[in-house]
Amino acid sequence: MKISPSLLAADFLSLGKEIEKINASEADFLHLDVMDGVFVPNISFGFPVLQGVAGKCTKPLDVHMMTVEPEKWIGHVRDLGAAIMNVHQEACLHLYSTVQHIHEAGMMAGVTLNPATPVDTLTDIISDLDLVLIMSVEPGFGGQPFIRHTLEKVRKLKALRDSSGSGALIEVDGGVNAETGALLAEAGADVLVAGSYVFGSKDMDGAIRTLKNLT
């Protein structure tokens, strides 16, 4: 299992130290939620802060754009040196074009689905994706309880991916801990985004290791 700790749950007054802990851990990515206060009812990081994070972090950046018109920010995300750019299916009028532009910028292209968005909306584009992020909470705020229907959604996505021959990773974000992580691993998830479970733990390394060892 690959793990992408969500910086949204970090101690912002000690951000440098938090990133150093992630650098020294077994985490595979660092998950960055960019919120605009329009697509979601909250605001998180701006690009000046993200530039500082990118300069400090040695893990590949997994950038999740919770914004309207995310295609406007492809160049900015590329300039961070991000490995993955996630855009919401619900925010993209021309999703295929946006995915192609992300690829042209040299990044892996991910598409995110909100809890109420069916998996089959990706039927015609799944083969072009490197990753699909399933939200297991409503986007915009950390610390929400896990939506149990996500497990069935992950199973459906895995079936769609496998039948299409796509190599897309299945990532899940929201309410992830040792218990829900084990259920998600069983359902077919490849990457777990964990915020409070990792950054709220007294043993961050141990929390990440617990999730990584799920099969």
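Applying the salt bridge (charged side-chain N to carboxylate O under 4.0 Å, His left out) test to every pair with at least one member in residues 76-95, sequence neighbours left out, gives no pairs at all.
Of the residues listed (Arg161, Lys2, Lys158), the one engaging Asp190 in a side-chain hydrogen bond (donor to acceptor under 3.5 Å, both in side chains) is Arg161, and it is the only one. The only option from Leu211, Val191, Val176, Leu214 that meets the side chain to side chain contact (heavy atoms under 4.5 Å, CB included) definition with Leu184 turns out to be Val176.
Ser166 places a side-chain N or O within donor-acceptor distance of the main-chain N or O of Ile126, the cut-off being under 3.5 Å. Remark: the backbone N or O of Gly140 is paired with a side-chain donor or acceptor of Asn42 at under 3.5 angstrom. A donor-acceptor contact shorter than 3.5 Å links the side chain of Lys153 to the backbone of Pro115. Although no hydrogens or angles enter the test, the distance criterion places a donor-acceptor pair under 3.5 Å between the side chain of Asp130 and the main chain of Ala109. Ser201 places no side-chain N or O within 3.5 Å of a backbone atom of Val198 that could act as its donor or acceptor partner.
A continuous path of hydrophobic side-chain contacts links Leu30 to Trp73 [ILVMFWY only; heavy atoms under 4.5 Å].
Using modelled atom types and a 3.5 Å distance limit, the side chains of Asp62 and Ser4 yield a donor-acceptor pair. Neither side chain, Asn86 nor His31, offers a donor N or O lying under 3.5 Å from an acceptor on the other.
Applying the 6.0 Å contact sphere to NZ of Lys212 captures more than 12 heavy atoms from other residues, nucleotides or ligands.
Atoms CD1 and CG, from Ile208 and Asn213 in turn, are 12.0 Å apart once rounded to the nearest 0.5 Å.
Between Phe12 and Phe45, the two ring planes are tilted [angle within 30° to 60°].
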